Structure formats: C-alpha cells, structure tokens
Amino acid sequence: MNDGFVLRNMQARLRCYVDAEYAAITAHDASLFATARMPAPSDEVIGGGGGASLTQRVSETMGRVCAHEITVVLGVLTIVGLLAGASAMRWTLTGQLLCNVPPSLIESFFMIVLVTGHNSADDRKRVDLRNTYTRRMQLLGLVNAVQSVW
C-alpha cells in the first residue's frame, strides 16, 4: 500500500522537474526568436478549448492530494495503525481482514490515480514536445534561409 503513496509523490516530483526544464527551453527559444527579431509561433495548449470534465478535475485534484509528502506519512501511519489493530485483535480472522481489505482497496484506488496522473503527464509532455519541435523547425528554417543567402 505504501508503494502507491510513494510512487504518486515521485511522479509529481518528476513532473515538476520536467516542467521546469521545458520552461527553460521555452525561455531560451524565446530569446533566440527575440535575437532574430521574429515572432515566436503560438504555443498549443492542453485541452484546446472546452474545460476539463468533472471526472478529470476530480482525478487531478485527488492526484495532487495523494502526491503530497504528508499523504506519504499518513499512509505509513495508517499501516502502523492497521497492524496495531490486528495485533490488538490477536490476529484473529477479523484482525487479518483488517490488515488485508483496506490496503487492497487503497492500492486499487492508487492504481487508478497513478494511471490517470501518468496519462495527464503524457498529454502535457506530448504538447510540450510538439511546441518545442514547432519552434525549433521555424528557427532551423531561418538558419537554412540565411545559409542559402551566404
């Protein structure tokens, strides 16, 4: 069960790192366009128009909540509490169910959150790569045009 908490937290941290790198690339490309005195192409945005659906917004909100560091600590405390409860019940059938059923439900929930978070990150990555490709192709066209003149 703890793996789901940790994986979601690491996924969010990695996404923050990747977003910062894409922002640096975008800033560098903007300075190149400013140096060349060319207008930068407009960037494509995710969703392209209509707002996100209710399920998408709820999923992203749950993903943010589950990615927080405090949630990882609460997950560990939940595991300790379940073990303490089962031990207090002397590991009877009810105590064993206490340690097996809630973690199984939470793990299933986290698989859904992880997959949704991965898909969301993949969509963002695809748009960022497409925007970078468009800018770089325009810059390459400029360089090729200048080279052909010289």
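We're numbering straight along the sequence, starting at 1. Values in this document were obtained by computation on a predicted structure and should not be read as measured data.
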Atom CG of residue position Leu77 - does it have more than 12 heavy atoms of other residues, nucleotides or ligands inside 6.0 Å? yes

Between Phe109 and Val65, is there a shared hydrophobic cluster once you connect ILVMFWY residues whose side-chain heavy atoms come closer than 4.5 Å? no

Is the closest side-chain donor-acceptor distance between Arg124 and Ser120 under 3.5 Å? yes

Who passes salt bridge (Lys or Arg N to Asp or Glu O under 4.0 Å) against Asp3, sequence neighbours left out? none

NE2/His68 to CG/Leu74 distance, rounded to the nearest 0.5 angstrom? 10.5 Å

Can you give the donor-acceptor pairs under 3.5 Å from side chains of residues 92-104 to other protein atoms, not counting sequence neighbours?
from	atom 1	to	atom 2	distance (Å)
Thr92	OG1	Met89	O	3.4
Thr92	OG1	Gly95	N	3.4
Gln96	NE2	Trp91	O	3.0
Asn100	ND2	Gln96	O	3.1

Which heavy atom of Asn131 sits nearest a heavy atom of Glu44, and at what distance? OD1-N, 2.8 Å

What heavy-atom pair brings Gly75 and Phe5 nearest, and what distance separates the two atoms? CA-CE1, 3.6 Å

In the single-linkage hydrophobic clustering (I, L, V, M, F, W, Y; side-chain heavy atoms under 4.5 Å), do Val143 and Val146 co-cluster? no

Can you confirm whether more than 12 heavy atoms, excluding those of Met38, are under 6.0 Å from its CE atom? yes

For Thr78, the side-chain contact (heavy atoms from CB on, under 4.5 Å) test, sequence neighbours excluded, returns Met1, Leu82

Can you list every pair that meets salt bridge (Lys or Arg N to Asp or Glu O under 4.0 Å) and has a residue in residues 71-87, with sequence neighbours left out? none

Same hydrophobic cluster for Ile25 and Leu140, using side-chain heavy-atom links shorter than 4.5 Å among ILVMFWY? no

Can you pull the side-chain hydrogen bond (donor to acceptor under 3.5 Å, both in side chains) pairs that have at least one residue in residues 5-28, sequence neighbours excluded? Arg8-Gln11, Asn9-Arg13, Arg13-Glu69, Thr26-Arg135

Under 4.5 Å between side-chain heavy atoms, hopping through other hydrophobics if needed: is there a path connecting Met10 to Val76? no

For the residue pair Val127 and Val45, establish whether any side-chain heavy-atom pair is separated by less than 4.5 Å. no

Find the distance between CG (Leu142) and CG (Leu32) and round it off to the nearest 0.5 Å. 10.0 Å

Leu105 and Val6: same hydrophobic cluster, using ILVMFWY side-chain contacts below 4.5 Å? no

What's the spacing between Ile112 CD1 and Glu107 CD if we round to 0.5 Å? 12.5 Å

CZ of Arg130 to CG of Asp43, rounded to nearest 0.5 Å, is 11.5 Å

Would you give the length of the straight line joining atom CG of Asp29 to atom CD of Gln138, rounded to the nearest 0.5 angstrom? 10.5 Å

Results of salt bridge (Lys or Arg N to Asp or Glu O under 4.0 Å) for Arg126 - residues two or more places apart only: Asp122, Asp123

